[in-house]
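Chain letters run A, B, ... following the sequence lines, proteins first, then strands; residues in each count from 1. Computation of the quantities below employed the complete heavy-atom set of this structure, encompassing side-chain atoms and omitting hydrogens, waters and symmetry-equivalent molecules.
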2 protein chains.
Amino acid sequence: MITIAVDCMGGDHGPGVTLPACAAFLASHPDARLLLVGRPEVLQPLPAGLDPARCTVVPATEVVAMDDPVEVALRRKKDSSMRVAITQVKDGVAQAAVSAGNTGALMAIARYVLKTLDGIDRPAIATQMPNAKGQATTVLDLGANVDCTAEHLLQFAVMGSALVAASGRQSPTVGLLNIGEEVIKGNDVIKQAGALLRQAAERGDLNFHGNVEGNDLFKGTTDIVVCDGFVGNVALKASEGLASMIGGFIREEFSRNLFTRLAAVVAWPVLRSFKRRVDHRRYNGAALLGLRGLVFKSHGSADAFAFEQALVRAYDAARNQLLERVRARIARAAPLMAPADAVAQPAPNP
Amino acid sequence: MITIAVDCMGGDHGPGVTLPACAAFLASHPDARLLLVGRPEVLQPLPAGLDPARCTVVPATEVVAMDDPVEVALRRKKDSSMRVAITQVKDGVAQAAVSAGNTGALMAIARYVLKTLDGIDRPAIATQMPNAKGQATTVLDLGANVDCTAEHLLQFAVMGSALVAASGRQSPTVGLLNIGEEVIKGNDVIKQAGALLRQAAERGDLNFHGNVEGNDLFKGTTDIVVCDGFVGNVALKASEGLASMIGGFIREEFSRNLFTRLAAVVAWPVLRSFKRRVDHRRYNGAALLGLRGLVFKSHGSADAFAFEQALVRAYDAARNQLLERVRARIARAAPLMAPADAVAQPAPNP
C-alpha cells in the first residue's frame, strides 16, 4: 500500500480540481491510499468516487495563497494544507506529498520540515519535457536555485540520474546545458561542472554525455539535462510561451473563414492526435529532489487530468523507492561533492 | 546610395545561396550597391541577375570555415572574405557588412577590425523573434557574452532601444529577463541591473517596463528583452528545438495514412498560412551592436530567401543611421554606465 498526502487546497482551482483528480487516481491505482489535507468543512462529506476506505481527511485550517510571500507561508501559516501534507511525509504516515500551490512556498516549507539529504546543499526541481523521440527529457533545476556552483550542478546530475533510473531507464545519459560551440564555450562554472561530471562518469557514478545546447532539450539527445535554475526556468517558460503562441496561431488560421473551418473539421482527427502528442498536461508533476522525503509539485493551473498525472508521478516514485535511490547515489558520489578546497587540503602534520 | 559588403563565401552553402539572395535584394532595392567579397574565380563572371553597375567583386583569397576556431579565423586567415567584408566598413567603402559565417569568428574579427564604441565594454548580438501580437520581440544578448554585469545589461538595453527605434518604433519598451516571481527573484546581477534600468528610465534614456519571464518573449509583452548571452542563447535554441519538434509532429500526423494525407490536401492553404506566420527565415539577420560599424550575422544554414532578409536588415539599419543612434544613446546614458565604484569615488582632496 502506497499512501500519498494531497494538498487539496493548493493551486488556482483547489478542491474543484484536486478531488476529481484524486477519485480518478484511486480508480486506476487499487493499492494506493490518499490523505486529503485541507479544510474539513470543504472536504467533508467526501464526494462520490472517493472511497472512505482509501481516503482520510487530514484537517488543516489555513491555505497558502498563490501570491503569498515565502515568509508568510513559512512563518505565519503553520497550519496550512501545504505544510500539513508535507508533515505527513516527515512523520512517515505518507510516502510522498503532492501540492499545486506556490512553488517558492512549497520548496521553503519542504526544506524546513523535511531537511535536505546528507551531501545536498540545495534541493532542485526536476520536470519532464516531451522530446522528438517520443520520450521525455528530464530537466533540472527549474528555478529553485540561481547562481549554482559546479558542485551543485553535479548534485543535480546525480539526483536526476536517480529519478530517471527509478522509472526503469538503466544508466540514463546526462547532458550539461551550454551555449553553441562556435561561441565562447560557457562560463567558468560550466567548465568546472563539465570536469566534475567527467570524473563522476569515470568513477561510474553517472553516464555523462557531454555538453548539450538548448535545442537538445527537444531533440532528446540525452535523458537528463542539467542547468542552473535561472537558465532552466527561462528555457521552460520560453518553451511554454512558444507552444502557446503556436497553438494560438493554429486555432486562428483554422477559424479564419468558412473554408478554413471546414478544413478544421476534415483535419480534426489529425489535429487531435497532434494535440495529444504535445499535451503538456501529460508531463505535469515536478519532483523536488534532495529532501529527506518525496514531494511533487503540480502546475498551479493544472486541471483534474493534469493533477492526476502529478499524483501518478508521486506514486511511481514512492513505489520505485526514489528516496533510497537518491540517497545511495549521493553517498556514492560524495567524494566529488566536497568543496574543491577541502579535497585539496593536505593531511595535517603529526 | 547604400553600399553593403557581403561575405559571399560564408555559411553552410556559400555563393550558391548568397549570390541569388544578392540578386533578389538588388531587384527590390534600386538605391543599393553591393560589394561581393570572396574568391574571384568563384564569383566571376557575375551570374545573370547581378547588375555589374551595382555589384563590385572584392577579392579575398581565404574562407573562414564554420568550424574554424576563433584564433585561426582571426590570426591565420587575414585575407578571409569575412575579414575583407568587415574591412570595407572600417574603410568607409560600405555602410554595413553581412556574413553567414561562424558567429564566434565574426564577432572576434568585427571587434578587432572595427573596435567597440566609446562606453561599450562588450558588443552584443541582437535578433528578433516572432510574437503572439504578430510583431517581433528584439532579444539581446544571444551568446556573445557570458557572465555579464549589471552595467553590461544596461548597455544592451540602450543599444537594443536604438536598434528598435531605428526601425520606427518610438520609445520601445525594455523588459529584463528574470525568473518567476513566486521563486527567488533573480540573482544579484539581475537585481542591480533592474535598479540601473529604473534609473535610466527616470533620466529618460529608455522605456523600462520591468522584469519579464521566458514566456513574455513570445507574448510580446515588451519590444525588447535583455538578458545575458548564456540565457539568451539557451532560450533561442530551446525555442528553435521546440518549433522544429512541433513542425515534425505536424508533418508526421498529416502523413500517417491515406486519410490524413487527404486531410493535409484540404487543410493545405491553412497550413501554408500558418507556416508563413512562424517562418523563422523572415526573422533572419542578427545585429552585432556596440561596434564602430554595422555588421549583420545571417544564420549559417540560411537559404537565399533568409539571407536576403539579413541583407534587408543591414540596408535598413544603414539607411536609418543605426550607428549614429547607438552612439548618441550610449553617450546620453554614459553616466550610468561607469562602473559603480568610479561613480561613488569622492573628489580628491585639494
Kindly give the heavy-atom pair with the smallest separation between [X] and [Y], and that separation in Å.
X: B:A263; Y: A:V270; value: CB-CG2, 4.1 Å
X: A:E253; Y: B:S273; value: OE1-OG, 2.6 Å
X: B:F259; Y: A:P269; value: CE2-CG, 3.8 Å

Fill in: Residue B:Y112 excluded, over 12 heavy atoms near OH under 6.0 Å
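Open.
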Discussion item. Looking at A:H209, I want to see if its NE2 is surrounded by more than 12 non-hydrogen atoms of other residues, nucleotides or ligands under 6.0 Å.
Written reply: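 It does: A:H209 NE2 has more than 12 such atoms within range.
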Worksheet item: B:V234 and A:V234: side chain to side chain contact (heavy atoms under 4.5 Å, CB included), yes or no, with the steps?
Response: CA-CA 9 Å; B:V234 168; A:V234 167; over 6 Å; no
Chain A: which of [options] shares the most heavy-atom pairs with it under 4.5 Å?
options: B:A264, B:G300, B:G241; value: B:G241
options: B:G229, B:P130, B:G248, B:A238; value: B:A238
options: B:T260, B:D228, B:L262, B:L177; value: B:L177
options: B:D67, B:D68, B:I246, B:L106; value: B:I246

Discussion item. If we define contacts as heavy-atom pairs under 4.5 Å, which of A:M107, A:E240, A:E252 has the most with chain B?
Written reply: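 Answer, by heavy-atom pair count under 4.5 Å with chain B: A:E252.
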Worksheet item: Which residues in residues 217-224 of chain A have a heavy atom less than 4.5 Å from any heavy atom of chain B?
Response: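 Answer by number: A:L217, A:F218.
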Fill in: Residue-level interface, residues 275-285 of chain B with chain A, non-hydrogen cut-off under 4.5 Å
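At a heavy-atom separation under 4.5 Å, chain A is reached by B:R277, B:V278.
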Worksheet entry | Audit row: A:I250, B:I250, side chain to side chain contact (heavy atoms under 4.5 Å, CB included) steps and yes/no | CA-CA 11 Å; A:I250 293 179; B:I250 292 179; 4.2 Å; yes
Item to complete: Tell me, for B:D188 versus chain A, whether the close heavy atoms (under 4.5 Å) come from the side chain, the backbone, both or neither.
Response: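 For B:D188, the contact with chain A is made by the backbone alone.
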Item to complete: Hey, could you give me the CD1/CZ distance between A:I179 and B:F230, rounded to the nearest 0.5 Å?
Response: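 One finds 6.5 Å between CD1 of A:I179 and CZ of B:F230.
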